[in-house]
K.L.:
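Below: one structure in structure tokens.
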Amino acid sequence: MTVLLSLALLLALSGKALANPACAVCTVAVGASLEIARYYGVDDCVVGVWAGALLALLGYWLILWFEKKNWNFAGRDFWLMALSVGSIGFMYISEIPYSPQIIGVFYLDPLLFSTILGALTFIYVSKFYQYMKAKNGGHAHFPFEKVVIPVLALTLLSVYFNYYPLSTNNMADVGELYEFSGDK
């Protein structure tokens with residue numbers, strides 16, 4: 001097993017470097033943070049934001065792989081990104097029950113809603129970074145700007161969902177914590 005892992009690492013390091021919208025370290029960091037968050041009991045909506053960003057990131061990598069193979073077809077980038085983000089559906093098939101709720105004008109499961117919102121946020125912020133970089137003569141404004149801007153946007157969305165959870169079950173948990181009663 002160790003030999004196989006070492007060989008895979010050697011092959012990965014010897015490959016041609018491609019320009020990509022996110023780095024491999026970021027991919028691993030987001031994936032690890034998802035598992036840690038769930039272990040510590042972070043709300044599923046917050047985890048969903050980061051899961052959506054991870055799936056969008058994997059979609060970008062899939063697009064780059066298709067580009068490297070020179071596989072082109074109409075709507076390729078859209079369909080690959082939709083396939084990647086849509087893979088959250090496998091969680092509902094095997095792991096968690098789908099329990100839709102009214103969220104604004106949508107009737108979706110809170111985890112699914114936050115996953116889609118996290119993916120859209122990551123995609124928008126990545127495009128916004130490219131726009132800002134182009135306006136600055138093709139250079140970042142500060143070191144690691146490509147990492148800081150998406151992480152900051154996703155963190156702000158996570159903080160929002162932490163204080164304003166989508167799930168009605170979470171509101172019941174808050175009521176149990178404070179035990180509001182008229183006896184005092």
Side-chain angles (χ1 to χ4, degrees), residues 5-6 8-71 75-91 110-166:
L5 187 60
S6 299
L9 182 63
L10 262 172
L11 288 173
L13 292 175
S14 65
K16 180 177 147 185
L18 297 171
N20 58 28
C23 63
V25 175
C26 302
T27 304
V28 172
V30 170
S33 66
L34 288 174
E35 190 59 37
I36 292 168
R38 293 209 80 178
Y39 176 77
Y40 284 112
V42 175
D43 184 47
D44 280 351
C45 292
V46 175
V47 174
V49 168
W50 293 93
L54 176 64
L55 292 173
L57 182 61
L58 293 174
Y60 275 126
W61 282 48
L62 187 59
I63 290 168
L64 288 172
W65 186 69
F66 268 59
E67 190 70 33
K68 181 181 173 185
K69 298 288 186 182
N70 203 21
W71 293 342
R76 179 195 71 183
D77 294 354
F78 170 79
W79 289 112
L80 291 176
M81 190 61 74
L83 176 68
S84 178
V85 174
S87 66
I88 190 70
F90 290 111
M91 287 294 295
L111 176 64
L112 180 60
F113 180 79
S114 62
T115 300
I116 292 169
L117 199 57
L120 291 174
T121 300
F122 184 82
I123 292 166
Y124 172 75
V125 169
S126 295
K127 291 191 181 305
F128 180 67
Y129 166 72
Q130 295 299 329
Y131 169 78
M132 286 182 9
K133 184 177 168 184
K135 287 289 193 180
N136 196 33
H139 300 288
H141 293 86
F142 55 89
F144 300 106
E145 181 181 24
K146 179 167 81 171
V147 175
V148 170
I149 291 176
V151 168
L152 181 63
L154 293 168
T155 300
L156 289 173
L157 188 58
S158 298
V159 167
Y160 177 81
F161 281 144
N162 187 49
Y163 289 108
Y164 301 103
L166 297 173

K.L.:
Within this structure, what is the CD1-NZ distance for the pair Ile63 and Lys68, rounded to the nearest 0.5 Å?
P.N.:
16.0 Å
K.L.:
Hey, does Cys45 have a side-chain heavy atom less than 4.5 Å from the side chain of Pro110?
P.N.:
yes
K.L.:
Starting at CD of Glu67, measure out to CG of Leu62 and round the result to the nearest 0.5 Å.
P.N.:
12.0 Å
K.L.:
Quick one: pull up CH2 in Trp50 and OG1 in Thr115 and give me the separation to the nearest 0.5 Å.
P.N.:
13.0 Å
K.L.:
Could you state the interatomic distance from CH2 (Trp65) to CG (Leu80), rounded to the nearest 0.5 Å?
P.N.:
10.0 Å
K.L.:
Assess whether side chain to side chain contact (heavy atoms under 4.5 Å, CB included) is satisfied between Thr121 and Leu154, documenting all intermediate values.
P.N.:
CA-CA 7 Å; Thr121 300; Leu154 293 168; 4.1 Å; yes
K.L.:
So Glu145 and Met132, side chain to side chain contact (heavy atoms under 4.5 Å, CB included) or not? Walk me through it.
P.N.:
CA-CA 10 Å; Glu145 181 181 24; Met132 286 182 9; 2.9 Å; yes
K.L.:
Decide yes or no on side chain to side chain contact (heavy atoms under 4.5 Å, CB included) for Leu157 and Leu117, but give the supporting numbers first.
P.N.:
CA-CA 9 Å; Leu157 188 58; Leu117 199 57; 4.0 Å; yes
K.L.:
Is Ser84 reaching over with its side chain to a backbone N or O of Leu55, donor-acceptor style, under 3.5 angstrom?
P.N.:
yes
K.L.:
Give, for atom CG of Asp77 and atom CD1 of Ile123, the distance between the pair rounded to the nearest 0.5 Å.
P.N.:
10.5 Å
K.L.:
Are more than 12 heavy atoms, taken from residues, nucleotides or ligands other than Tyr163, located less than 6.0 Å from that residue's OH atom?
P.N.:
no
K.L.:
Below 30° counts as parallel, above 60° as perpendicular, anything between as tilted: where do the rings of Tyr160 and Tyr164 land?
P.N.:
tilted
K.L.:
Give the minimum heavy-atom separation between Gly48 and Leu111, together with the two atoms involved.
P.N.:
CA-CD1, 3.5 Å
K.L.:
Working to the nearest 0.5 angstrom, can you tell me the gap between Arg76 CZ and Trp71 CH2?
P.N.:
11.0 Å
K.L.:
Can you find a heavy atom in the side chain of Tyr129 that is under 4.5 Å from one in the side chain of Pro150?
P.N.:
no
